Amino acid sequence: MGKTLKRSAAFAALARALAAGARGGPSLGVRLAALPRMIRATGRGEYDGGLRLALMAGAAAYVVSPIDLLPEIPLAIFGLADDAVMVTWLAGSVLAETERFLEWEARRSSVIPGHVTP
């Protein structure tokens, strides 16, 4: 569970999630509805998504920030490329982390406190 999100993993998760909607995976609505629960569980220390949530919040802040690493006006298309990459990474990361959280939630609901199963 301690895997960090890497750029390639985020892009792969985005591709899987877009394909999964048609194949019966969690829908985008289910994933987005899981975000507040994931934030609460992380805040309570029940779920280990703190670093990943911080990275996603940082990416979201970068996208909406008026300060840009590669400004659009002098660099034209190249200035937009860094934002496009960041938005794509953010979307893939949110999809990957919500999928991971939904799996964690399902496993957690099947656990009976005080019982050991083989």
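All values derive from a computational prediction rather than experimental measurement.
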Contacts of type side chain to side chain contact (heavy atoms under 4.5 Å, CB included), residue [X], not counting sequence neighbours:
{"X": "Leu35", "result": "Leu32, Met38, Val94, Thr98"}
{"X": "Glu105", "result": "Arg37, Phe101, Leu102"}
{"X": "Val63", "result": "Met86, Val87"}

Considering only Ile, Leu, Val, Met, Phe, Trp and Tyr, and joining two whenever side-chain heavy atoms are under 4.5 Å apart, list the other residues clustered with Val64. none

Report yes or no: do Tyr47 and Arg100 form a side-chain donor-acceptor pair below 3.5 Å? yes

If I compare all heavy atoms of Leu90 with all of Ala59, which pair ends up nearest, and what's the gap? CD1-CB, 4.1 Å

I need the Thr42 OG1 to Arg52 CZ distance, nearest 0.5 Å. 8.0 Å

Nearest 0.5 angstrom please: Trp89 CH2 to Met56 CE, how far? 6.5 Å

Can you list the residues that meet the side chain to side chain donor-acceptor pair (under 3.5 Å) rule with Glu103, with sequence neighbours excluded? none

Using 4.0 Å as the upper bound for N to carboxylate O, is an ion pair formed by Glu46 and Arg108? yes

